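Model, not experiment: these values are computed from the prediction. First the proteins, then the strands, lettered A, B, ... as listed; each starts at 1.
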Amino acid sequence: MDKTVLRGSLFATALYGVAAFMGSTSLLVDSAIASEKVLRIGYPFGPTSSVPDPRARQNGWMSNRAGVSETLVGLTFEMQQYPRLASSYENISPTEWKVVIRSGVKFHDGSIMTAKDVKASFDKLAVKDHSAHNPRLWKLLGLKKIKVVDDRTLIFITEKPNSAFLWALTEPSAAVLKEGTEALPIIGTGPFIFSSAKANKQYVTHAFADYWGGTPKLDGIVLDKIGDPSVAALALKAGDVDLVTNYAEPEFAELQNNNEGQRFRAETLRLFFFMVRVSDGVLSNKPLRQAISLGLDRQLIAQVALAGVGGSPAKSIFPVDMKSWVNTELSLPYDLQRANELLDKAGIKDTDGNGIRELDGKDITLKMRSYEGRAALRPTLEISQQLLMKLGLNVEIAMGEFGANNDALKAGEIQINLQAWNAAPQGHPDYFPSTLVQTDGGFNFSGYSNPKLDALLEQGRSEFDPKKAKPIYDQLQAIINEDLPIIPLFHKAQVSVGNGKVKGYRIHPAETYLATPELDLARQ
Amino acid sequence: MKKIANGVTGLICQRLAGLLAVMFGVSFLTFLLYYFAPGDKALAIGQARYSGEGDVQPEIIAMIREEFGLDKPFLSQFFHWLSPLLQGDLGRSLVSQEEVWLIVIPNLQETLTLSITALLLGLGLAFVLSVVSAQKPGSLMDRVAIGVASVGAAVPSYWLGLMLILLFAATLQWLPSYGSGSFSHLILPATTLALWVMTTQTRLFRSFLLEAQAAPHLEALRLRQVTETEIFWCHVLRHALIPAITMIGIELAALLEGAVIVEVIFSRNGIGSLFVSSVMSRDYPVIMCLVLLSAFSYVLINTLVELLQDAINPVKRVTRVVV
């Protein structure tokens with residue numbers, strides 16, 4: 001019997017010995033790759049396929065971040081437009097936009113980008129069987145046709161006046177690409193060339209020496225999906241990655257308190273909010289919705305759910321950093337006393353002394369749901385439950401699937417759906433309200449309908465002068481804060497940590513930009 | 001011998017027929033679940049295919065309804081789905097537009113590599129511990145072995161995975177913290193799963209060994225001067241293996257589906273994490289393929305377990321020959 005034990009132990013030891021040898025061999029190979037000045041990034045999402053066409057779905061978000069694809073118009077860190085692949089653009093009639101493209105821009109295959117290439121790339125968006133088919137973007141652009149004037153000039157003709165057109169051109173899916181080949185499956189114009197992708201796992205690029213904006217300082221970038229933020233932090237510590245873009249907030253707070261690590265932090269346009277069922281059920285009662293908003297201590301929620309570093313309390317649907325469009329006169333205060341007064345005044349009282357207020361003779365029970373996918377959603381739901389119970393409301397919470405939650409809200413089975421959306425991915429204020437609160441908005445599951453708000457959205461889309469459009473969107477934000485079909489909670493900040501060698505990295509508020517030719521890795 | 005071979009062939013044929021019947025039943029149930037899933041299917045497909053969290057226009061919804069035959073009656077929809085499936089066409093992913101098989105196969109390979117490595121490692125450890133334990137029940141070694149198994153059972157895979165990364169990747173920097181592609185990437189996730197296998201199998205295997213050791217016919221063997229080593233390897237172990245194989249089969253089937261936590265921690269692809277991401281994005285063709293694959297793997301493993309039991313259990317073999 002002792003021999004049996006001995007054999008078993010020897011077998012296990014031998015297995016671990018082989019494993020350790022193989023492990024050390026692999027590390028040697030890894031260190032050989034590292035000598036190439038490749039920036040390895042731990043990132044929470046992976047590509048959708050092995051050749052993700054940047055124009056389809058939201059694939060462009062990753063290729064834009066990775067520096068593979070580029071758009072005609074870009075967004076600055078202040079969320080202003082800037083000419084990117086275009087050198088200039090102007091509105092020549094309510095439905096016509098003249099765009100002149102930059103000269104000398106090369107595709108990754110070495111060919112010069114022409115106006116014909118740009119038209120061909122955009123035309124593919126409407127071709128049903130093409131990998132670039134993107135009806136969402138086509139609708140956003142509102143395109144009728146594209147005319148090529150000369151090698152560098154195009155005229156985009158829209159179906160109807162669309163003041164958000166140039167903003168829609170900043171959407172990463174509006175990338176200019178050439179048809180891919182077997183050797184170069186994605187042919188873009190960015191500072192990095194697509195090398196390979198593994199679905200839901202890894203996106204690899206290498207530098208494009210002929211990039212119009214200057215030769216990249218890095219030899220390449222590898223974006224590795226690391227879904228668990230704790231593992232990402234350990235991977236950074238282990239030296240397996242150079243940068244973690246979405247660092248866990250509690251660990252970041254600890255680094256900040258100890259003044260350690262190469263830390264990056266910036267506010268983004270991602271809004272955490274309640275979508276509220278307003279067309280039926282208890283929350284069709286406006287004073288109750290207003291009391292709920294007043295009863296939410298947004299500072300506390302952001303502090304607890306994001307360790308005090310990952311977010312700032314919302315005052316409207318747009319963050320204060322979105323200076324061009326935010327209505328700075330608005331606020332969403334925490335005032336428990338006023339909330340209670342509002343409820344009492346509306347006759348929403350606890351008459352039977354069981355601690356729960358009643359509406360139409362029945363105890364108020366709110367069913368709230370959220371979904372997995374963003375770490376802060378669950379604690380936000382839990383803290384909100386506790387805060388609303390202080391108002392004398394019975395609150396039941398649960399986590400579900402994103403689509404199923406929307407279906408449940410639409411059916412009136414739940415009253416509140418906690419979500420997190422980028423409130424202005426193209427920098428224009430139309431996208432978020434027209435999708436979520438316009439009467440026929442594709443994601444209007446609250447049942448909210450306000451002709452005045454619909455008219456303002458229509459007016460905003462037809463107004464080409466940003467100065468004249470600003471008061472329209474100011475009014476729109478005020479209506480949302482008053483009617484509360486969605487209750488804004490906080491704007492998310494992104495926190496990243498590098499290994500101390502990362503240079504030229506900056507967090508963009510749109511969350512869709514990352515790689516630039518200036519991005520670098522210091523040698524030590 | 002010929003009769004035995006016929007018996008085994010008959011069993012395989014019988015099992016294959018059963019497998020086909022089960023697969024048809026599972027296909028029907030899978031489609032039933034899809035059919036009665038809440039919400040507008042066309043909208044869900046449109047969101048998965050084109051927009052993620054965005055909007056889908058009515059004309060696209062109409063196009064999808066026609067493409068998937070969503071406005072047709074239940075049976076018509078079922079056969080619309082089943083007929084290409086019977087020809088081996090599982091359709092395309094709504095998210096990546098790639099053929100479903102091309103997505104599932106690499107994930108299955110990763111899961112099989114991880115699961116089988118973990119199973120072998122875990123069973124090896126369980127074997128050593130249970131043999132040590134069963135040698136002298138109640139001894140210090142037995143208590144230590146059982147204690148190790150009990151502590152292991154109380155440790156969640158998530159925590160254990162993180163601790164292994166902290167020690168071997170972040171502190172000692174011996175092994176990679178995440179990913180896949182080389183043998184070194186396999187060590188930590190396989191160890192995490194193997195410890196789970198070890199803890200569940202040690203106690204079971206110990207009790208099977210103790211039961212086998214108490215068999216009365218072993219005394220007769222001892223009287224015939226058969227050595228203890230031979231008794232252990234040829235009689236006790238063989239006897240204990242019969243129930244153990246059933247448990248190992250169940251364990252393997254569970255590992256194929258249940259490695260999701262380990263896959264997430266170590267950022268590995270695999271069937272479990274593919275299942276989760278497909279459900280999150282409502283990628284129906286992938287979800288339905290995975291449900292069918294899951295059912296198929298359970299039936300296949302059960303069939304293999306029965307065949308193996310037949311091969312090593314003389315009682316069953318004799319019964320089959322007599323029948």
Side-chain angles (χ1 to χ4, degrees), chain A residues 1 3-5 8-9 11-12 15-16 18-20 22-27 29-30 42 48-50 52 56-58 128 131 133-136 139 198-202 224-228 230-231 234-235 237-240 371-373 401-404 406-408 411 421 435 441-443, chain B residues 38-40 44 47 49-57 59-60 63 93 95-98 102-103 106 121 124-125 127-128 131-132 135 161-162 165-166 169-171 173-180 182-187 228-229 232-233 264-269 273-274 277 279-280 282:
Chain A
M1 286 287 205
K3 278 184 183 174
T4 312
V5 177
S9 310
F11 172 72
L15 206 67
Y16 275 100
V18 171
M22 299 292 279
S24 55
T25 315
S26 158
L27 286 175
V29 175
D30 281 354
T48 55
S49 68
S50 52
R57 301 187 85 247
Q58 266 107 7
K128 197 189 146 200
S131 63
H133 185 214
N134 192 333
R136 176 184 61 86
K139 186 192 173 191
K198 286 179 189 164
N200 212 22
K201 195 171 176 182
Q202 192 179 57
D224 275 335
K225 182 193 170 181
I226 308 181
D228 190 302
S230 306
V231 177
L234 288 173
K237 198 177 169 197
D240 291 339
Y371 53 98
E372 303 291 355
E401 188 264 332
F402 179 81
N406 282 327
D407 292 341
W421 281 48
T435 308
F443 272 74
Chain B
D40 183 351
Q47 282 163 2
R49 187 187 271 180
Y50 301 117
S51 59
E53 289 179 358
D55 196 3
V56 185
Q57 297 101 302
E59 54 272 26
I60 298 291
M63 182 190 84
S93 157
V95 174
S96 69
Q97 297 301 314
E98 288 173 323
L102 294 177
I103 299 166
L121 203 58
L125 291 168
F127 177 75
V128 172
V131 168
V132 168
Q135 196 181 12
L162 283 181
I165 296 173
L166 181 65
T171 310
Q173 304 201 341
W174 287 354
L175 293 166
S177 53
Y178 70 95
S180 56
S182 74
F183 190 75
S184 61
H185 286 102
L186 192 61
I187 298 170
E228 283 299 321
T229 309
F232 176 76
W233 285 106
V264 169
I265 297 169
F266 292 96
S267 301
R268 294 177 64 88
N269 283 0
S273 52
L274 180 64
S277 65
V279 168
M280 298 299 252
R282 292 192 176 190

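Residues B:S267 and A:I226 share a closest heavy-atom pair of OG-CA, 3.2 Å. Taking both residues in full, the closest heavy atoms of A:K237 and B:Q173 are given as O-NE2, 3.3 Å, listed atom of the first, atom of the second, then distance. Across all non-hydrogen atoms, the minimal contact from B:R282 to A:D407 is NH2-OD2, 3.3 Å.
Residue A:S131 does not touch chain B at all, counting heavy-atom pairs closer than 4.5 Å. Looking at A:K198, there are no atoms closer than 4.5 Å to chain B (heavy atoms on both sides), in backbone or side chain. Contacts between B:E98 and chain A at a heavy-atom distance below 4.5 Å involve the side chain alone, from C-beta outward. Proximity to chain B is absent for every atom of A:A56, based on heavy atoms less than 4.5 angstrom apart.
With a 4.5 Å cut-off on side-chain heavy atoms, B:S180 and A:K201 count as touching. Put simply, the side chain of A:T48 does not reach to within 4.5 Å of the side chain of B:Q97, judged on heavy atoms.
Between A:L234 and the choices B:L166, B:T171, B:I265, the side-chain contact (heavy atoms from CB on, under 4.5 Å) rule is met once, by B:L166.
Among A:N200, A:V231, A:N134, the residue with the largest count of heavy-atom pairs under 4.5 Å with chain B is A:V231. Between chain A and the residues B:V264, B:I165, B:L274, the largest count of heavy-atom pairs under 4.5 Å involves B:I165.
Between atom CG of residue B:L102 and atom OG of residue A:S49 there is a gap of 11.0 Å, rounded to the nearest 0.5 Å.
Judged by distance alone, the side chain of B:N269 and the main-chain N or O of A:A199 form a donor-acceptor pair under 3.5 Å.
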